[in-house]
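Note that this is a predicted model, so its numbers are computed, not measured. Ligands are counted one by one from 1 in listed order, and the atoms in each one are counted from 1 as well.
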Amino acid sequence: MWFGIISLFPEVFQSLQAGITGRAIKNNLIQMDFWNPRDFAQDKHKTVDDNPYGGGPGMVMMAEPLQAAIKAAKTARPEATVIYLSPQGRQFNQEAAEDLAKQKNLIFLAGRYEGIDERLIEQEIDEEWSIGDYILTGGELAAMVMIDALARFVPGVVGDEDSVKQDSLATGLLKYPQFTRPESFMGKTVPDILLSGHHQQIDRWRLKASLGRTWLRRPDLLAKKRLSDQELVLLTEFIEEFLQNNARKSL
Ligand code: 4H3
């Protein structure tokens, strides 16, 4: 998978050189190429921003250097989809990641300052995405979040292909709790089932824990999901046990 990145601060993306994404870059499973709008500025001062028409605080990124940078990136990969990251975009999630990961080439435009000239968005941007309802100083971190989530879908990037599949099977549910050694930590032990070696029982425990956690913490996700008969049984068990264990608290 190829990512073309248009950014005034390409060095921000260096942290993707660590860990799983770093290995993916080394193994050429994902590739990043950069274009700096400053290199496409049209005056000797390399100006890329100017005052907003109508007044107000801060600066706005000019359309022309951004258009020239996008044009250069598109020359490398003419078929690429051009994505702009902003709080006004469609909310990115795991389902969107799975879908976008089907594309081989994506260009990310990372804005700075108060944003970019609206006419550049209308003229050159195919899709506008947001990673959540908060404001960042630049689009770079948002682009990195999307790149990281997308990279996990590229075959070979995540060592254990099962974990990506499991995550996608369990889409719409929170993950079950995980434990590792030691067996006892500060007097707290690991659930017996997980030490039993009964894989079927372990899967059942984990699915029940996922359903229970989602019910407790993200009822909005559960409302969207169609549960199988077995899932309904497990969630009912969880809820009954939960009410049993917490009944005294309301006495
Ligand atoms: C994306 C970008 C939040 C998100 C962003 C998000 C700076 C966009 C500037 C940059 C504009 C002002 N903030 N939630 N910030 O995905 O270029 O919005």
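Taking the charged nitrogens against the carboxylate oxygens, K188 and E183 have no contact shorter than 4.0 Å, which rules out a salt bridge. A salt bridge links K208 with E241: the closest approach of a Lys/Arg side-chain nitrogen to an acidic carboxylate oxygen falls below 4.0 angstrom. A salt bridge does not link K74 to E124: none of the charged nitrogens lies less than 4.0 Å from a carboxylate oxygen. Between D43 and K46 there is no salt bridge, since none of the side-chain N atoms of the basic residue sits less than 4.0 Å from a carboxylate O of the acidic one.
Taking distance alone, with nitrogen or oxygen atoms compared against 3.5 Å, L136 approaches ligand 1 more closely than that limit. Between G132 and ligand 1, an N or O atom pair is found at a separation short of 3.5 Å. Remark: ligand 1 and I116 share no N or O pair separated by less than 3.5 Å (distance only, no angle test).
Within ligand 1, counting atoms from 1 as listed, the ones closer than 4.0 Å to a heavy atom of G111 are 7 (C), 10 (C), 17 (O). Interface atoms of ligand 1 facing Y134, defined by a heavy-atom separation under 4.0 Å, are 3 (C), 14 (N). Ligand-side atoms of ligand 1 in range of A142: 1 (C), 16 (O), range being under 4.0 angstrom from any heavy atom.
Side-chain contact check for Q88 and S86: at least one donor-acceptor pair (N or O, by modelled atom type) lies under 3.5 Å.
We find the NZ-CE distance between K102 and M1 to be 11.5 Å, quoted to the nearest 0.5 Å.
Of all protein heavy atoms, the one lying nearest to atom 11 (C) of ligand 1 is Y84 OH, 3.4 Å. For atom 18 (O) of ligand 1, the nearest non-hydrogen atom of the protein is P87 CD, 4.0 Å. If you check which protein heavy atom lies closest to atom 16 (O) of ligand 1, you get I131 N, 2.8 Å. Of all protein heavy atoms, the one lying nearest to atom 12 (C) of ligand 1 is Y113 O, 3.4 Å.
Residues I20 and F3 share a single hydrophobic cluster, defined by chaining ILVMFWY side chains whose heavy atoms lie under 4.5 Å apart. Note: the hydrophobic cluster containing V60 does not contain I135 (ILVMFWY, side chain heavy atoms under 4.5 Å, direct or indirect links).
Contact check for D126 versus I83: no side-chain heavy atoms found under the 4.5 Å cut-off.
In F92, neither the side chain nor the backbone holds a heavy atom less than 4.0 Å from any atom of ligand 1. When heavy-atom distances to ligand 1 are checked against a 4.0 Å cut-off, R112 comes that close only through its backbone atoms N, CA, C and O. Both the backbone and the side chain of S130 come within 4.0 Å of ligand 1, counting heavy atoms alone.
The closest approach between a heavy atom of L85 and any atom of ligand 1 is below 4.0 Å.
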